[in-house]
Number of protein chains: 2
Amino acid sequence: MLGAEDPAIPHRRRKHALPGRPVAPQMDNDCRRCPVRGVSLFGDLPDEVVFSLNNPAEHLDLPAGHVLYREGAAANAAFTLKDGVIKLTRTAVNGRDQILRLLTRGDVMGAEGLMGLAYNHTATTLTPVQICRLPLPVLKQLQAEHPTLNHALLARWAVALQQVENLALELGTKKASERLATFLLYWRAKNGHYPSMPLPLSRTETGELLGLTVETVSRFFADWKRRGYLSEKAGIIHLHNLEALETLSGSESLSRI
Amino acid sequence: MLGAEDPAIPHRRRKHALPGRPVAPQMDNDCRRCPVRGVSLFGDLPDEVVFSLNNPAEHLDLPAGHVLYREGAAANAAFTLKDGVIKLTRTAVNGRDQILRLLTRGDVMGAEGLMGLAYNHTATTLTPVQICRLPLPVLKQLQAEHPTLNHALLARWAVALQQVENLALELGTKKASERLATFLLYWRAKNGHYPSMPLPLSRTETGELLGLTVETVSRFFADWKRRGYLSEKAGIIHLHNLEALETLSGSESLSRI
DNA sequence: CGTGACCTTGAAATACATCAAACCTTGTGG
DNA sequence: CCACAAGGTTTGATGTATTTCAAGGTCACG
């Protein structure tokens with residue numbers, strides 16, 4: 001609880017998004033030994049079914065800054081994220097981007113292809129990732145043969161809906177500092193409640209998530225660093241004053257304290 | 001296409017939300033003759049199944065301003081909206097409300113009770129409504145017996161997700177006038193693309209949907225009325241200048257034109 | 001015909017965006 | 001290995017969109 005060890009691997013920060021050819025080393029392409037099978041879509045499927053799959057999924061290793069698929073493109077596969085962080089974004093008519101969800105280990109993306117024809121988002125890796133690519137025809141067949149899968153899909157959709165609802169609630173009811181503080185605390189919780197966590201979002205991206213400009217995000221970070229609420233080093237955020245951040249996430253504003 | 005007849009019933013505007021006792025006349029409680037069966041959850045179920053249901057659903061007639069269920073309350077039933085408009089809201093920690101979805105004919109609500117224990121939203125009628133109340137145990141059993149139902153549920157979840165994503169996109173990337181104009185055009189489309197449509201939202205509620213204050217909403221309405229873009233009478237909105245609104249929904253601002 | 005809910009309008013305050021420039025940091029090529 | 005280039009971050013000055021506060025106006029209903 002109090003001051004545990006530092007978390008995971010400090011995901012290396014990307015510079016400019018490389019064109020990123022899928023460096024797929026095919027190390028272990030066996031679904032039965034998939035490290036995320038427990039949390040993945042197939043968690044509910046019995047062993048014999050997973051055996052029978054004959055490894056329909058393709059393992060991929062991608063660098064940070066790689067676009068997996070684009071909003072509006074014809075959907076041909078769904079993906080499971082085994083490790084790393086991915087952002088799902090949409091672009092408004094005025095050209096501004098909105099991050100709608102941040103995906104981490106175990107999350108599924110692209111499954112909307114089961115319902116419609118096109119992807120609803122653009123999926124971009126924020127760190128190097130390991131993912132599992134599942135062609136939609138395979139998934140459709142599995143869905144038909146094993147109704148359990150539908151339940152798993154339903155559960156995921158429900159979670160996704162709640163996440164986006166939380167986002168809309170934040171965007172519609174809170175001000176800049178509140179949104180940013182709330183996000184930092186959320187991200188901390190999502191990363192194991194450690195006092196430190198990797199933050200693979202640039203200031204611009206943080207703004208795209210929270211409906212703010214780069215400058216506004218930067219100003220609050222700077223302000224909170226000066227106050228000693230947090231510090232940052234090599235892409236790792238350290239939260240020193242959770243209480244202050246919790247208060248900020250509730251109501252306070254920069255100039256009022 | 002051009003200047004068609006006026007649309008539906010001018011839903012009477014509520015004054016203060018009555019405590020609203022469920023005036024349920026039980027006129028026709030037979031699911032087989034349900035006017036929205038085609039668009040409802042059971043659209044896919046074969047006739048014999050619907051027959052066998054033995055009318056598990058309860059028909060309700062509610063006045064405007066009635067709270068169907070509250071965020072956080074134990075979920076015991078799902079509902080199908082046969083007629084009228086309902087808002088789904090959540091309240092932020094600071095007490096401000098956010099409308100997350102507006103439901104119309106055929107929409108389903110409260111199905112999150114299938115996955116979790118509590119309702120995620122507060123559901124409030126904005127007009128008099130006719131709804132169908134479906135106890136969750138019944139729905140769960142149907143779900144187990146007829147996997148088709150899962151597909152229907154999945155489809156609905158997918159639509160809900162897209163709607164909320166659209167909202168988040170609006171809230172995160174656009175400014176007041178753009179959001180309001182976009183919403184008016186959206187609402188027009190949802191009401192049959194007629195030049196006129198009932199708007200069962202108060203200024204306050206419109207603000208709660210779009211992340212704005214009453215005053216801001218009122219000012220834009222006033223401004224656009226003065227410009228002749230629209231007019232309003234007895235809760236009915238008439239859009240006179242779609243082009244202007246479309247431009248506004250894209251980029252323009254009040255002071256800049 | 002008064003009362004309560006809702007809507008409008010104005011003036012002032014403020015939060016955030018925009019514009020502009022300097023500063024870091026990190027990977028790269030000489 | 002150094003220095004530069006490029007992307008990202010910080011900071012300041014200024015503008016403006018939107019909120020906040022306050023008051024008056026309208027409409028429907030009892």
Side-chain angles (χ1 to χ4, degrees), chain A residues 10-18 63-65 94-96 126 171-181 199-208 210-226 230-237 248 251-257, chain B residues 10 12-18 63-65 94-96 126 170-181 199-208 210-226 230-237 248 251-257:
Chain A
H11 293 294
R12 200 73 236 109
R13 201 63 160 290
R14 72 192 176 289
K15 205 65 189 209
H16 30 202
L18 311 170
N94 54 26
R96 288 174 62 164
L126 297 181
L171 293 173
T173 62
K174 292 187 179 177
K175 54 180 71 160
S177 55
E178 300 173 326
R179 281 178 253 169
L180 184 53
L199 184 69
L201 298 178
S202 69
R203 297 289 189 260
T204 302
E205 285 166 331
T206 307
E208 285 171 352
L210 302 175
L212 304 170
T213 58
V214 208
E215 295 95 328
T216 301
V217 174
S218 180
R219 274 184 245 272
F220 280 111
F221 265 105
D223 188 53
W224 295 348
K225 282 179 189 172
R226 278 189 287 269
L230 54 82
S231 62
E232 203 181 13
K233 199 170 154 188
I236 306 288
I237 294 272
L248 281 165
S251 56
E252 302 302 332
S253 96
L254 191 147
S255 56
R256 210 175 289 172
I257 213 168
Chain B
R12 199 71 236 109
R13 199 64 160 291
R14 73 192 176 290
K15 208 59 191 206
H16 29 202
L18 312 171
N94 54 27
R96 289 173 62 162
L126 296 180
E170 290 291 311
L171 294 173
T173 62
K174 292 187 179 177
K175 53 180 70 163
S177 56
E178 299 173 326
R179 282 179 251 170
L180 184 54
L199 183 69
L201 298 178
S202 69
R203 298 286 188 261
T204 302
E205 285 166 330
T206 307
E208 285 171 352
L210 303 175
L212 304 171
T213 58
V214 209
E215 295 95 328
T216 301
V217 174
S218 180
R219 274 183 245 272
F220 280 110
F221 266 104
D223 187 53
W224 295 348
K225 281 179 190 171
R226 277 189 287 267
L230 53 82
S231 63
E232 205 181 11
K233 200 170 156 188
I236 306 288
I237 294 274
L248 280 166
S251 56
E252 301 304 331
S253 98
L254 190 147
S255 56
R256 211 175 289 173
I257 214 168

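A note on names: the letters A, B, ... follow the listed sequences, proteins ahead of strands, and every chain is numbered from 1.
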From the list B:Leu199, B:Leu210, B:Leu126, side chain to side chain contact (heavy atoms under 4.5 Å, CB included) with B:Glu205 holds only for B:Leu126

Whole-Å distance, B:Lys233 NZ to C:dC6 C1', equals 20 Å

May I ask you to decide if B:Lys174's main-chain N or O and B:Arg179's side chain share a donor-acceptor pair within less than 3.5 Å?
yes

note: B:Trp224, atom CH2; C:dT8, atom P; distance rounded to Å ~ 13 Å

Rounded to whole Å, NZ of B:Lys225 lies from C1' of C:dC7 at a distance of 8 Å

So CG of B:Leu180 and CZ of B:Arg219: to nearest 0.5 Å the spacing works out to 13.5 Å

In whole angstroms, the gap separating P of C:dT9 from CZ of B:Phe221 amounts to 13 Å

Between CG of B:Leu126 and C1' of C:dC6 the distance, given in whole Å, is 15 Å

note: A:Arg203, atom CZ; C:dC23, atom P; distance rounded to Å ~ 19 Å

When rounded to the nearest 0.5 Å, the distance separating OG1 of B:Thr213 from CZ of B:Arg96 is 8.0 Å

To the nearest angstrom, the NZ-C1' distance between B:Lys174 and D:dA17 comes to 17 Å

In whole angstroms, the gap separating P of D:dT9 from CZ of A:Phe220 amounts to 17 Å

Rounded to the nearest 0.5 Å, the CD1 atom of B:Ile236 sits from the NZ atom of B:Lys233 at a distance of 10.5 Å

When rounded to the nearest 0.5 Å, the distance separating CZ of A:Phe220 from CD of A:Glu178 is 9.5 Å

- Query: Heavy atoms under 4.0 Å, any strand shown: does B:Arg226 hit a base, just sugar-phosphate, or nothing?
  - Reply: sugar-phosphate

Using a cutoff of under 3.5 Å, can you pull out all pairs of nitrogen or oxygen atoms linking the protein to nucleotides 17-21 of chain C, with atom names and distances?
{"residue": "C:dA17", "atom": "OP2", "partner": "A:Thr213", "partner atom": "N", "Å": "3.3"}
{"residue": "C:dA17", "atom": "OP2", "partner": "A:Thr213", "partner atom": "OG1", "Å": "3.0"}
{"residue": "C:dA17", "atom": "OP2", "partner": "A:Thr216", "partner atom": "OG1", "Å": "2.4"}
{"residue": "C:dT18", "atom": "O4", "partner": "A:Arg219", "partner atom": "NH2", "Å": "2.8"}
{"residue": "C:dC19", "atom": "N4", "partner": "A:Glu215", "partner atom": "OE2", "Å": "3.1"}

